[in-house]
Protein chains: 2
Amino acid sequence: MSCKHHHNCEKAAKLTAEQLCETYGFRFTESRKQVFEALISSHKALTAKELMVQIGNNQPPITYRALEFLTEAGLVHFISSINAYIACAHAEDEGHISQFLICKECHEVEEFQAPDAVCLLMQSAKNGNFQVSDTSIEMLGVCSECQN
Amino acid sequence: MSCKHHHNCEKAAKLTAEQLCETYGFRFTESRKQVFEALISSHKALTAKELMVQIGNNQPPITYRALEFLTEAGLVHFISSINAYIACAHAEDEGHISQFLICKECHEVEEFQAPDAVCLLMQSAKNGNFQVSDTSIEMLGVCSECQN
DNA sequence: ATCTTACTGTTAATCTATAACATTCGCAAA
DNA sequence: TTTGCGAATGTTATAGATTAACAGTAAGAT
């Protein structure tokens, strides 16, 4: 696990979330809070269904709306290769592009940044005169803990 | 469109596909051929459903099995951010890691390679002692044709 | 000839996500 | 203070994507 001070990053993330919402005039409502806290208290990526189980809500629209909101706010990332969501580890860094290491065994996800690589990719896109709006970099494999 | 000699790359791809199958003792069966040809004759990524419409088959398992086979054989790539499949432009280069530029407007997909970027990403993973088995790099945006 | 493995056919279920519409909440302007 | 508006919720139902399970067939090996 990349974050050795889980309680700290949890608190910090919650603060950031509230601040962000306030800044942009949106509300950090109960359902959003529930979804966000479920995610932030897990370093694993959770599917929408897993989330619904965890927060005891089996009305999909509520969860999906919260996820959409949080994702657009940059507080949560959707990892399309496994259809799962994870709380963002760099929410304070708005508009950043994230990379993910996703363990097939324990489903833990580590968010990291490789700006040089992203820069190269952007350059390729630019060379092809392609205007990028959204970048998804996901690496599936086995984490160090699960390699024994 | 990146390939200006569509008929050529189509033929070449088909040959490669048959050869690959033969080499590994698998059969390039009718359903697989149908799915593959539908994909290779389109530079756009197609969803499973679009494929089923195109090949006139509404029995999902048949199409999904063909897609699974082709994907594992490296003849087709699954683009998870849009849930769609595309014929591989570099099938002869086994085990390669591909990057995709996906146009939101026309849905055309360009497969390209940025080995330096991939190398940097791999390095990051290695630093975290993470064993990568599968890499997905997808950039969503607007292609040059659709920017006017 | 039969054994085995790959492959197909079919039905149904499960998982994932959204549509549609009525209702409520928080806040600001009349 | 009420009226009006946009944001957010509650609810039911549906649509869309993918796989499970099992029976059957085809092709090559021994």
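Proteins get letters first, then strands, A, B, ... in listed order; numbering begins at 1 in each. Side-chain atoms are counted along with the backbone in the values below, which use heavy atoms only and exclude waters and symmetry mates.
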Out of D:dT18, C:dA17, D:dT11, which nucleotide sits closest to the side chain of A:Tyr85?
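Of all the options, the side chain of A:Tyr85 is nearest to C:dA17.
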Where the side chain of B:Ala48 is concerned, which of D:dT18, C:dT8, C:dA17 is the nearest nucleotide?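 The answer is D:dT18, which lies nearest to the side chain.
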Quick one: is [X] getting a side-chain N or O under 4.0 Å of the [N] phosphate, OP1 or OP2?
| X | N | result |
| --- | --- | --- |
| B:Thr29 | C:dA6 | no |
| A:Lys49 | C:dC15 | yes |
| B:Asn57 | C:dG9 | no |
| A:Tyr64 | C:dA17 | yes |
| B:Ser31 | C:dT8 | yes |
| B:Gln59 | C:dT10 | yes |

key: Under 3.5 Å side-chain donor-acceptor pair for A:Ser80 and B:Ser80   =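 Yes, a side-chain donor-acceptor pair sits under 3.5 Å.
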inquiry  = Can you confirm whether the side chains of A:Glu138 and A:Ser136 place a donor and an acceptor under 3.5 Å from each other?
reply    =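 A:Ser136 and A:Glu138 do have a side-chain donor-acceptor pair below 3.5 Å.
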Write down the distance between [atom1] ([X]) and [atom2] ([N]), rounded to a whole number of angstrom.
| X | N | atom1 | atom2 | value |
| --- | --- | --- | --- | --- |
| B:Ile82 | D:dG16 | CD1 | C1' | 16 Å |
| A:Leu67 | C:dA17 | CG | C1' | 11 Å |
| B:Ile62 | D:dG24 | CD1 | P | 17 Å |
| B:Lys33 | C:dC7 | NZ | C1' | 15 Å |
| A:Phe28 | D:dA7 | CZ | C1' | 16 Å |
| B:Leu51 | D:dG16 | CG | C1' | 15 Å |
| A:Glu50 | C:dA17 | CD | P | 12 Å |
| B:Asn83 | D:dG16 | CG | P | 14 Å |

Would you list the protein and nucleotides 19-27 of chain C atom pairs, both N or O, that sit under 3.5 Å from each other?
{"from": "C:dA20", "atom 1": "N6", "to": "A:Arg65", "atom 2": "NH2", "distance (Å)": "3.3"}

(request) Output, in order, the C-alpha distance, side-chain angles, deciding distance and verdict of side chain to side chain donor-acceptor pair (under 3.5 Å) for A:His90 and A:Glu111. (result) CA-CA 9 Å; A:His90 309 95; A:Glu111 180 177 351; 3.2 Å; yes
Item to check | Separation of A:Leu121 CG from B:Leu120 CG (nearest 0.5 Å) | outcome: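 The CG atom of B:Leu120 sits 9.0 Å away from the CG atom of A:Leu121.
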Using ring centroids (six-membered ring only for Trp), state whether A:His77 and A:Phe100 fall under 6.0 Å.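 A:Phe100 vs A:His77: aromatic centres under 6.0 Å.
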Margin query: Side chains of A:Phe36 and A:Leu75, heavy atoms from C-beta outward: is any pair under 4.5 Å?
Written below: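 Answer yes - side chains close enough.
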- prompt: If only atom types and distance count, is the side chain of B:Ser42 paired as donor or acceptor with the main-chain N or O of B:Leu39 below 3.5 Å?
  reply: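 Not confirmed, B:Ser42 side chain does not pair with B:Leu39 backbone.
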